[in-house]
Structure formats: structure tokens, C-alpha cells
Number of protein chains: 2
Amino acid sequence: MYLSVVNTIDLNTFHPQQCISGKVMRLNRKIANIFRQYLRPFGITDSQMSLLFILTKRDDLNQKQLSEMAALEKSSLNRNLNRLVDARLITKEHFPTIRITKKGLQLVQQIIPEWNKAMDETRELLDKEGMAALDVLMTKVSQK
Amino acid sequence: MYLSVVNTIDLNTFHPQQCISGKVMRLNRKIANIFRQYLRPFGITDSQMSLLFILTKRDDLNQKQLSEMAALEKSSLNRNLNRLVDARLITKEHFPTIRITKKGLQLVQQIIPEWNKAMDETRELLDKEGMAALDVLMTKVSQK
DNA sequence: ATTAAAAAGTTGTATATACAACTTCCAAAG
DNA sequence: CTTTGGAAGTTGTATATACAACTTTTTAAT
């Protein structure tokens with residue numbers, strides 16, 4: 001039957017192991033698994049940590065700017081921020097500017113040592129080459 | 001006050017832009033955004049596609065094996081599979097073995113050309129160096 | 001063959017994420 | 001100053017993901 005012939009041809013030259021999306025998803029899950037272990041005691045997620053980290057360094061950002069910096073869709077960002085507001089780690093008091101609170105800053109201080117441990121464990125896993133490779137990738141996906 | 005001195009010291013030597021987790025999350029979102037565009041017409045997600053791709057090549061896998069291959073927690077895998085079962089793209093008829101259905105195979109056939117377009121667009125974004133970098137990273141995170 | 005322990009699979013729950021649609025806000029044109 | 005159009009922000013909905021706890025299945029020991 002013609003269709004099965006076509007199917008056979010296609011699938012023989014089909015190499016899904018090369019899928020970039022599949023690779024990046026796996027990479028993301030594995031790295032997230034490492035960081036999650038270290039963040040667990042703080043009741044915070046990796047994504048929330050990223051936002052707190054940004055807001056630790058900048059206190060003049062609105063949601064639009066944050067969403068670009070975090071590469072997060074505006075609605076995803078909005079909900080993530082609301083969870084941090086609920087936890088009193090950030091505030092919308094200076095709306096539309098988002099600010100980290102004292103409590104948030106203190107939490108970041110507490111997290112940093114564990115974050116360093118997660119970074120060390122991950123650096124060991126990735127080696128020098130892997131770390132450099134990640135920076136190459138970030139340069140590529142970040143260039144406008 | 002002593003605490004604020006400590007805070008100042010910590011935060012000045014704190015470089016969250018180096019966070020590996022943050023980088024990988026951003027990378028993941030950006031790559032996923034590309035693939036999602038091409039997959040939209042098929043009503044399928046990147047994660048579902050990955051599973052269908054595996055099952056296109058292998059018809060002897062149980063959930064445990066699939067979860068390891070996909071780097072997915074067993075409960076996450078279970079639910080993703082159930083969505084594919086609901087869509088009649090895979091079947092649990094040969095439980096515990098998971099098999100792709102004829103409908104699933106046909107969908108993969110249809111997806112391949114669009115997947116190739118997504119791969120091309122992503123290859124262009126990442127360049128030769130980015131592609132090689134991704135493979136370096138996958139080697140690192142995959143070694144037992 | 002029976003049963004106890006381990007492995008595999010499932011379900012409850014919470015956060016993460018994106019798209020679409022909606023609301024609110026702001027700035028420019030008149 | 002008012003209006004209006006676009007940008008920013010919010011909400012509805014669906015899938016993705018993981019952990020904990022539970023059920024089912026398989027395996028091993030007697």
C-alpha cells in the first residue's frame with residue numbers, strides 16, 4: 001500500500017533524538033531538579049527565586065520590563081508576582097513599579113548560601129565546558 | 001546596625017545573572033516559544049511531541065522507561081500519557097507497555113515537516129556554535 | 001502457592017507557563 | 001479638557017511539572 005511505503009521512508013530518515021526542543025526540555029528539568037532540592041527549605045521555587053534576584057538588584061521595574069528580563073509571558077509573570085505578593089516578599093505598593101520587601105531581601109540573604117551550593121553542584125555536573133556552552137547558548141538566544 | 005552591614009556586603013558580591021537555573025529556564029522558554037508556533041495547528045504540545053517521537057521509534061517501553069528517557073517524573077509522565085490516550089494517539093492496551101496508535105503515527109508523519117521548520121528556525125538562531133554547545137550540555141547532564 | 005517487600009503506576013495538590021480575551025491606564029490628538 | 005487608541009496589566013482556561021501519598025502489580029523468599 002502506497003501510504004505505508006511513504007511512512008517507512010519518512011521514519012527511517014527521522015531522527016527525533018536530534019530535537020532541540022526535546023534536548024532543552026530535558027536539560028531544563030534536570031537542572032531544575034538540582035536547584036529545587038536546595039530551595040525546598042525556603043518554600044520558594046526556582047522561578048520565584050529568579051524574580052526575587054532581579055528585584056534585589058533593581059527597584060524600578062514594572063511588569064512589562066520584568067517579563068522581558070525573565071523571558072516570561074506577561075500573564076505568567078503576573079501570577080508569579082502575585083504569589084510573591086501573597087508571601088509578602090514583594091509589594092505592588094508603588095504600582096506599577098514592583099519592589100522587593102524587607103522580608104524578601106532577608107529571604108534572598110538566607111537563600112544565597114544554598115543557592116551557592118546548588119551552583120557548585122551544577123558547575124561540577126556541567127564542568128568548565130558545560131558552563132561555557134551555556135553562555136554560548138544564552139548569547140545566541142539573547143541577541144535581538 | 002550590624003545586620004545591614006552584612007546585607008550590604010553580601011549583595012555587592014552577589015551576581016544573580018550568573019544563575020544557571022535562571023539561564024536554563026530562559027533558554028527553555030525561548031526555545032519552547034519557537035516550537036509551539038509550529039505545533040499549534042496540530043493541537044499538540046512540545047512535551048507530547050517528544051513522547052510521540054520516542055514511541056515512534058520504540059514500541060516496547062513502559063512508563064518507568066519512558067520517564068527516564070524523557071527525564072520526566074513518573075506522575076508527570078503518567079498524566080502526559082493520559083492526555084495522549086484521550087486523544088487516541090497512544091494506547092495502554094498492551095499495559096504496562098505503551099504503544100503509539102496508527103492515528104498517532106499518522107500525526108507524527110504530518111508533524112515532521114513542521115518540526116523540520118522549527119528545527120531550521122532554531123538552528124539559525126543558535127548557529128553552529130549554539131548547536132554544538134547544546135550537545136556539550138546534553139552530554140554533561142546525561143552522564144551517569 | 002502464599003505472602004511480604006519493592007517497584008510501578010495513579011491521584012491529590014500546588015506552582016509554572018502560555019494564549020486569548022478582557023479591563024485598566026496613559027498618552028497623544030483634537 | 002475630552003476622547004480615543006494602544007500599552008500594560010489581569011483573568012479564564014488548559015497543559016506541564018513535581019512531590020507526597022496512595023493503589024496496584026511484580027518479584028522474591030519461604
Side-chain angles (χ1 to χ4, degrees), chain A residues 21-22 24-52 60-87 89-99, chain B residues 21-22 24-52 60-87 89-99:
Chain A
S21 172
V24 172
M25 284 191 296
R26 286 169 175 83
L27 173 68
N28 184 51
R29 291 185 202 116
K30 293 191 179 203
I31 300 298
N33 286 344
I34 296 176
F35 278 79
R36 203 180 303 109
Q37 308 310 316
Y38 292 93
L39 290 179
R40 182 146 350 181
F42 304 103
I44 209 177
T45 67
D46 50 352
S47 195
Q48 292 175 9
M49 178 184 72
S50 277
L51 295 173
L52 285 184
D60 60 338
L61 301 172
N62 61 20
Q63 294 189 38
K64 170 73 171 167
Q65 295 169 307
L66 274 168
S67 76
E68 281 165 9
M69 295 173 74
L72 265 176
E73 209 273 338
K74 62 183 179 174
S75 66
S76 307
L77 175 78
N78 184 273
R79 278 183 240 259
N80 291 355
L81 290 181
N82 283 341
R83 286 181 205 107
L84 292 170
V85 169
D86 290 347
L89 299 172
I90 67 171
T91 177
K92 288 186 179 177
E93 268 171 38
H94 309 85
F95 192 90
T97 301
I98 308 294
R99 292 253 175 91
Chain B
S21 172
V24 172
M25 285 192 294
R26 285 169 175 81
L27 172 68
N28 184 51
R29 292 185 201 117
K30 292 192 180 202
I31 300 299
N33 286 344
I34 296 175
F35 278 79
R36 201 180 303 112
Q37 308 309 314
Y38 291 92
L39 291 179
R40 179 137 350 142
F42 303 103
I44 210 178
T45 66
D46 50 352
S47 195
Q48 293 175 7
M49 178 184 72
S50 277
L51 294 173
L52 285 183
D60 59 340
L61 301 172
N62 62 20
Q63 294 189 39
K64 171 72 171 168
Q65 296 169 307
L66 275 168
S67 76
E68 280 165 9
M69 295 173 73
L72 262 176
E73 208 274 336
K74 62 183 180 175
S75 66
S76 306
L77 175 78
N78 184 274
R79 278 183 239 258
N80 291 356
L81 290 180
N82 282 341
R83 285 181 205 107
L84 292 170
V85 170
D86 290 347
L89 299 172
I90 67 172
T91 176
K92 288 186 180 176
E93 268 170 38
H94 309 85
F95 191 90
T97 301
I98 307 295
R99 293 254 175 89

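Throughout, protein chains are lettered first and strands after them, A, B, ... in sequence-line order, and every chain is numbered starting at 1. Computed from a predicted structure; not experimentally measured. What's counted below: heavy atoms across the whole structure, side chains too, no hydrogens, waters or symmetry copies.
- Counting heavy atoms from C-beta outward, B:I90 and B:L52 have side chains that approach closer than 4.5 Å.
- A search for salt bridge (Lys or Arg N to Asp or Glu O under 4.0 Å) contacts involving B:E73 returns nothing, not counting sequence neighbours.
- The interatomic distance linking B:R79 (CZ) with C:dA8 (C1') rounds to 15 Å, in whole Å.
- Of the inter-residue distances, the one linking A:Q63 atom CD with A:L77 atom CG reads 5.5 Å to the nearest 0.5 angstrom.
- Residue B:S47 has no polar side-chain atom (N or O) positioned under 4.0 Å from OP1 or OP2 of D:dT15.
- Atom NZ of B:K64 is separated from atom CG of B:L66 by 12.0 Å, given to the nearest 0.5 angstrom.
- Looking at residues 64-76 of chain A, you'll see A:K64, A:K74, A:S75 sit with a heavy atom under 4.0 Å from some atom of DNA chain D.
- Rounded to whole Å, atom P of C:dT17 lies 14 Å from atom CG of A:N82.
- We find that CD of A:Q63 is positioned 13 Å from P of C:dC26, with the value rounded to whole Å.
- Considering only side-chain N and O atoms, B:N80 lies nowhere under 4.0 angstrom from the phosphate OP1 or OP2 of D:dT15.
- Atom CZ in B:R83 sits about 8 Å away from atom C1' in D:dA14, given to the nearest Å.
- Under the 3.5 Å distance criterion, the side-chain polar atoms of B:Q65 are matched with a main-chain donor or acceptor of B:N62.
- Nearer the 5' end of DNA chain D, as judged by each residue's closest nucleotide, is the contact made by A:K92, out of A:K92 and A:R40.
- Taking only side-chain nitrogens and oxygens, A:Q48 comes nearer than 4.0 Å to OP1 or OP2 of C:dA16.
- Inspection of the A:R36 and A:N33 side chains reveals an N or O donor paired with an N or O acceptor under 3.5 Å.
- The backbone N or O of A:I44 lies less than 3.5 Å from no partner atom in the side chain of A:R83, so there is not a single donor-acceptor pair.
- Spacing between atom CG of A:N62 and atom C1' of D:dG9 amounts to 10 Å, rounded to whole angstrom units.
- B:D60 is linked by a salt bridge (Lys or Arg N to Asp or Glu O under 4.0 Å) to B:R58, counting only residues two or more places apart in sequence or in another chain.
- Taking atom CD1 of B:I44 as the reference point, atom P of D:dA14 lies 18 Å away to the nearest angstrom.
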Got a list of protein N/O to nucleotides 25-27 of chain D N/O distances below 3.5 Å?
none

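- Contacts of residues 26-37 of chain B with DNA chain C (heavy atom under 4.0 Å): B:R29, B:N33, B:R36, B:Q37.
- Spacing between atom CG of A:L52 and atom P of C:dA16 amounts to 11 Å, rounded to whole angstrom units.
- Counting heavy atoms from C-beta on, the side chains of B:I98 and B:L84 never come closer than 4.5 Å.
- In this structure, A:M49 CE and A:F35 CZ are separated by 6.0 Å, a value rounded to the nearest 0.5 Å.
- The side chain of A:M25 lies closest to D:dT17 when the candidates are C:dT17, C:dT15, D:dT17.
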Exercise for the section: Kindly determine whether A:N82 and A:K92 satisfy side chain to side chain contact (heavy atoms under 4.5 Å, CB included), including the steps that lead there. Expected result: CA-CA 9 Å; A:N82 283 341; A:K92 288 186 179 177; 2.8 Å; yes

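- B:L81 places its CG atom 11 Å from the P atom of D:dA16, with the value rounded to the nearest Å.
- Qualifying side-chain contact (heavy atoms from CB on, under 4.5 Å) partners for A:R99, counting only residues two or more places apart in sequence or in other chains: A:D59, A:T91, A:H94, A:T97.
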